[in-house]
Structure formats: C-alpha cells, structure tokens
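Below is one structure, written out as structure tokens, with a few remarks after it.
None of the values given here were measured: they were computed from a predicted structure.
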Amino acid sequence: MKRLALVITIVLLATLNVTAQQHQPNTSAITVYHDFRPATVYLTSGRKTSIPLANIFLKNGALLYMSNDNIMEADMSTLLRVEFEDRTYIRIDSMLCYQVDSVGNDALFCTKVIDINAYKQSRANSANITNLDLTSLTSTSSSLSYNTIEATDKSELQFPVVNVYYYRLNDKFVRVHERHLKRTLTKEKRQIMESVMNMPGFTWTNEKYLMMILEKIQ
C-alpha cells in the first residue's frame with residue numbers, strides 16, 4: 001500500500017464536484033466521487049472485504065481508501081472488482097473501469113483519468129497557478145506534492161479528464177483504439193472497423209460509434 005499526502009484532503013477535496021461535471025472535459029476533482037464512500041472489494045485470492053471509505057483516483061484509475069487519517073492507494077494487482085452503491089468497477093490492466101454497454105458476452109468499458117500532458121500545457125499557459133506540483137503524477141510514485149496555490153478562486157484549478165475505453169472481446173480485454181484493435185481483429189473485421197471509422201462524426205471517444213464497432217465485429 002502507498003501512502004498519499006494528507007494535504008490532498010486539505011487543499012482539494014473540499015472543491016470536488018465530479019458528479020455535476022462528468023460530461024465536462026475539465027474538473028476540479030482528483031477523485032471520481034465527491035466524497036469517500038463505502039465499497040465492497042473482491043480480491044484475486046477469492047476473498048472480499050468491505051471498506052467504509054473508498055474512492056477512485058483520477059490520476060491512474062486506482063482504488064483509494066481511508067485508513068485512520070491517511071489516504072492509501074490499494075495494490076491494484078490484488079483486485080478483481082470494486083462495488084460502490086451506484087456502480088461496479090472491474091480491474092482492467094491497472095485501472096478500475098465500469099461497463100458502458102454490452103453485446104452478448106462482449107462489452108465496452110470506460111475509465112476516466114487526468115490527461116497529464118494537457119494539464120501540463122494548460123499549466124504552462126496559466127499565470128494563476130504557479131506552485132502546484134503534479135510532477136509525481138507522471139511517475140511510478142503515488143505521492144502527490146501540493147504546494148502553495150496562488151489562484152484566488154479554487155474553481156480555477158481545473159484538470160482535463162479523458163475517457164479511456166476497453167473492449168471485452170472473447171473474454172480478453174483490448175484497448176479501444178485503431179492501433180490496438182488492428183493487432184487483435186481479423187482482416188475482415190478490421191475492414192468493418194474502418195467502415196465505421198469513415199462515418200461522419202466518428203471519434204474514438206463517441207460511445208455510439210464504439211458500440212457500433214462492437215456490434216458489427218460479432
């Protein structure tokens with residue numbers, strides 16, 4: 001388990017409002033939920049455990065939980081799925097993802113993460129926030145260092161968030177993007193995928209088109 005600086009709670013958690021901003025490209029949140037809440041965790045060992053206060057880290061899709069007064073990051077390799085009251089998340093790679101929709105046994109999954117590169121660019125272009133150190137977000141360390149925030153309005157502290165998608169295809173998980181899918185699909189199914197990609201308005205973040213691909217490659 002990795003300990004996160006408690007100053008995260010002091011500086012940022014009071015400003016979280018991710019529920020109201022799920023459809024927005026930016027958020028002041030660093031967690032999926034506004035507050036830490038109960039969750040049931042299913043482990044690779046076959047055991048399950050109840051956590052009174054849990055959340056999901058937008059840095060990397062990892063499970064966070066409160067232990068005494070400390071925010072801890074779970075060892076993701078030990079998790080199978082996490083059930084919150086409103087939604088169930090399963091571990092894909094090292095991130096917790098929820099199911100968007102399904103076609104038979106195949107399905108589309110999504111997780112939301114902070115776009116670090118976009119954040120760095122916006123930070124470089126902003127004179128309002130000069131001492132917010134998110135360097136560790138790009139490293140393997142899970143400690144965050146928050147220094148002085150000079151912005152007078154905390155609403156100015158915005159993180160760009162992107163959706164990362166996965167397909168479950170024949171009980172295997174594949175990142176939803178042309179490069180990854182081409183390695184998995186047959187030539188015929190790649191052509192089907194490309195026919196959808198050529199439709200007006202197609203993007204790799206439009207769930208309508210992603211489900212269309214999933215349906216057509218069955």
Side-chain angles (χ1 to χ4, degrees), residues 1-44 47-101 107-116 118-119 134 136-146 157-168 173 175-176 205 207:
M1 305 298 179
K2 302 170 184 177
R3 179 173 177 173
L4 300 181
L6 185 58
V7 70
I8 296 174
T9 307
I10 299 172
V11 176
L12 290 179
L13 292 187
T15 69
L16 300 185
N17 190 23
V18 71
T19 302
Q21 300 187 50
Q22 286 179 349
H23 62 290
Q24 299 294 330
N26 295 297
T27 179
S28 59
I30 58 168
T31 55
V32 167
Y33 294 106
H34 178 276
D35 52 5
F36 280 61
R37 56 189 60 191
T40 301
V41 178
Y42 292 79
L43 305 173
T44 55
R47 295 176 55 247
K48 73 174 182 178
T49 184
S50 296
I51 299 178
L53 296 172
N55 215 322
I56 299 174
F57 201 4
L58 285 176
K59 167 202 168 185
N60 54 8
L63 177 69
L64 300 179
Y65 64 94
M66 295 295 298
S67 177
N68 297 321
D69 291 329
N70 298 319
I71 301 176
M72 309 294 289
E73 181 176 337
D75 181 353
M76 295 299 290
S77 66
T78 67
L79 305 185
L80 283 178
R81 72 179 189 273
V82 180
E83 295 180 354
F84 289 91
E85 182 179 9
D86 65 326
R87 181 173 280 172
T88 295
Y89 292 81
I90 68 170
R91 177 175 61 84
I92 303 177
D93 291 339
S94 59
M95 301 186 292
L96 291 176
C97 306
Y98 64 89
Q99 182 172 307
V100 176
D101 205 347
L108 175 67
F109 291 85
C110 178
T111 190
K112 299 176 184 295
V113 293
I114 294 172
D115 187 333
I116 301 299
Y119 171 75
L134 287 182
S136 58
L137 281 174
T138 61
S139 70
T140 57
S141 172
S142 293
S143 297
L144 298 182
S145 176
Y146 289 91
L157 181 60
Q158 294 291 309
F159 299 107
V161 175
V162 294
N163 290 344
V164 177
Y165 291 97
Y166 288 86
Y167 284 141
R168 182 175 64 211
F173 292 102
R175 179 78 174 265
V176 178
T205 57
E207 294 176 359

Any side-chain heavy atom of Tyr89 sitting closer than 4.5 Å to one from Ile56?
yes
In sequence, state the C-alpha distance, the side-chain angles, and the governing distance for Glu207 and Asn163, and then conclude on side-chain hydrogen bond (donor to acceptor under 3.5 Å, both in side chains).
CA-CA 10 Å; Glu207 294 176 359; Asn163 290 344; 4.6 Å; no
Once you round to the nearest 0.5 Å, how far does SG of Cys110 lie from CE of Met95?
9.5 Å
Examine distances only and state if a side-chain atom of Asn55 and a backbone atom of Tyr33 form a donor-acceptor pair shorter than 3.5 Å.
yes
Between CG on residue Leu63 and CD on residue Glu73, distance to nearest 0.5 Å
9.0 Å
Side-chain heavy-atom pair Leu108, Tyr165 within 4.5 angstrom cut-off:
yes
Sequence-distant partners of Ala39, side-chain contact (heavy atoms from CB on, under 4.5 Å), two or more places apart
Ala54, Val82, Phe84
Passes side chain to side chain contact (heavy atoms under 4.5 Å, CB included), Arg91 versus Thr44? Steps please.
CA-CA 10 Å; Arg91 177 175 61 84; Thr44 55; 4.0 Å; yes
On a heavy-atom basis, which atom in Tyr166 and which in Cys97 lie closest, and how many Å separate them?
CD1-SG, 4.2 Å
How long is the span from the CZ atom in Phe109 to the CD atom in Gln99, to the nearest 0.5 Å?
4.5 Å
Between Asn68 and Asn70, is there a donor-acceptor pair closer than 3.5 Å when you use the side chain of the first and the backbone of the second?
no
Compare all side-chain heavy atoms of Leu43 with those of Leu80 and state whether any distance is below 4.5 angstrom.
no
Between Thr40 and Lys48, is the side chain to side chain contact (heavy atoms under 4.5 Å, CB included) condition met? List the steps.
CA-CA 7 Å; Thr40 301; Lys48 73 174 182 178; 4.2 Å; yes
Taken in chain and number order and not counting sequence neighbours, the residues that satisfy side-chain contact (heavy atoms from CB on, under 4.5 Å) with Arg81 are Tyr42, Glu83, Thr88, Ile90
Audit row: Lys59, Ile30, side chain to side chain contact (heavy atoms under 4.5 Å, CB included) steps and yes/no:
CA-CA 7 Å; Lys59 167 202 168 185; Ile30 58 168; over 6 Å; no
Side chains of Arg175 and Ile92, heavy atoms from C-beta outward: is any pair under 4.5 Å?
no
Walk me through whether Val113 and Asn60 qualify under side chain to side chain contact (heavy atoms under 4.5 Å, CB included).
CA-CA 6 Å; Val113 293; Asn60 54 8; 5.8 Å; no
Heavy-atom side-chain proximity of Leu96 to Met76 below 4.5 angstrom
yes
Any residue meeting side-chain contact (heavy atoms from CB on, under 4.5 Å) with Leu53, in chain and number order, not counting sequence neighbours:
Phe36, Met66
